[in-house]
Amino acid sequence: MIEALDVFLARAVGEPCVLLAAEDAAPWCMAIARDAARFPALAVVCPTQARPADDAAFAQWSVRAHYETMLDSLPEWLASEVYLDASLAEAEAATTVARASRPLAEYPFASWLSGSLRRDARLDWLALEQPLLLMWGEACLRPGLDEAERWLMPLRPDAPLMMIRGEAVGVQKANVRYKSFAGARLRPHVEQAVAVAGAVLTWLGAQGVA
């Protein structure tokens, strides 16, 4: 799937481009952005860490068996964890449930979920040397705002270690800039779209990329 995404970008863009990805899409973009000549900058919003390849519990979990339960809980999840704006949560829930209720709709959903990158995304993040922008919604619960520290100060094999709250951390990556947004949870690029777009353009201009 990484190769498929890489090939698509090569054919659709065909020249160096800046990648911007949110949530579960971020690990995929981190993986292909190791080629800094093709991807001179990367911006990510509330990135998730991918599951380990040996996550047997996840591998054995049946999406189809829990499909109806997941649909029932979707409105509550959107309202409590994804959006602060209740109208956005209601609109997405209605659209998603309508689409997901069609015959055989559980199959593409299962395909998307099982296609999650199963490795620690921070290993790819660690290797990236181009300018990076990390963005977070200040009201985000999972991943919480404190998770940003894990991305700003990832472990490096050659970094002097120190302990913070019982965890070993390395020095901050110098090529990372961080921006958080009030009035947003998991998707600030939706709830605070103008502010996020402005932050990205300002960051790119400062890097001489745009």
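Since the model is a prediction, treat every value here as computed from it, not as a measurement. Just so it is clear, the values below take in all heavy atoms, side chains as well, and ignore hydrogens, waters and symmetry mates.
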Testing the basics here: between [X] and [Y], what is the closest heavy-atom pair and its distance to 0.1 Å?
X      : Y      : value
Trp151 : Pro47  : CE2-CG, 3.8 Å
Ala184 : Glu191 : CA-OE1, 3.4 Å
Ala139 : Arg185 : O-CG, 3.3 Å
Tyr178 : Leu145 : OH-CD1, 3.2 Å
Leu71  : Pro75  : O-CD, 3.5 Å
Trp203 : Ala41  : CH2-CB, 3.6 Å

Residues that, via side-chain heavy atoms closer than 4.5 angstrom, fall in one hydrophobic cluster with Leu74: Trp77, Leu78, Val82, Tyr83, Leu88, Val97, Leu186, Val190
Indicate yes or no: at least one non-hydrogen side-chain atom of [X] is less than 4.5 angstrom from one of [Y].
X      : Y      : answer
Trp125 : Val44  : yes
Arg38  : Asp6   : yes
Cys29  : Phe39  : no
Pro188 : Cys46  : yes
Pro40  : Gln130 : no
Val200 : Val18  : no
Glu23  : Arg187 : yes

Within a 6.0 Å radius of atom [atom1] on [X], are there more than 12 heavy atoms belonging to other residues, nucleotides or ligands?
X      : atom1 : value
Glu76  : CD    : no
Arg99  : CZ    : no
Glu129 : CD    : no

Common cluster, Leu84/Met135, ILVMFWY with side-chain heavy-atom separation under 4.5 Å: no
Same apolar cluster: Phe8 and Ile32, side chain cutoff 4.5 Å: yes
Spatial distance of atom [atom1] ([X]) from atom [atom2] ([Y]) [nearest 0.5 Å]:
X      : Y      : atom1 : atom2 : result
Ile2   : Met30  : CD1   : CE    : 12.0 Å
Arg177 : Leu134 : CZ    : CG    : 12.0 Å
Leu42  : Asp124 : CG    : CG    : 10.5 Å
Leu141 : Glu147 : CG    : CD    : 12.0 Å
Leu132 : Leu19  : CG    : CG    : 11.0 Å
Arg142 : Glu81  : CZ    : CD    : 3.5 Å

Qualifying residues under side chain to side chain contact (heavy atoms under 4.5 Å, CB included), relative to Ala79, sequence neighbours excluded: Ala89
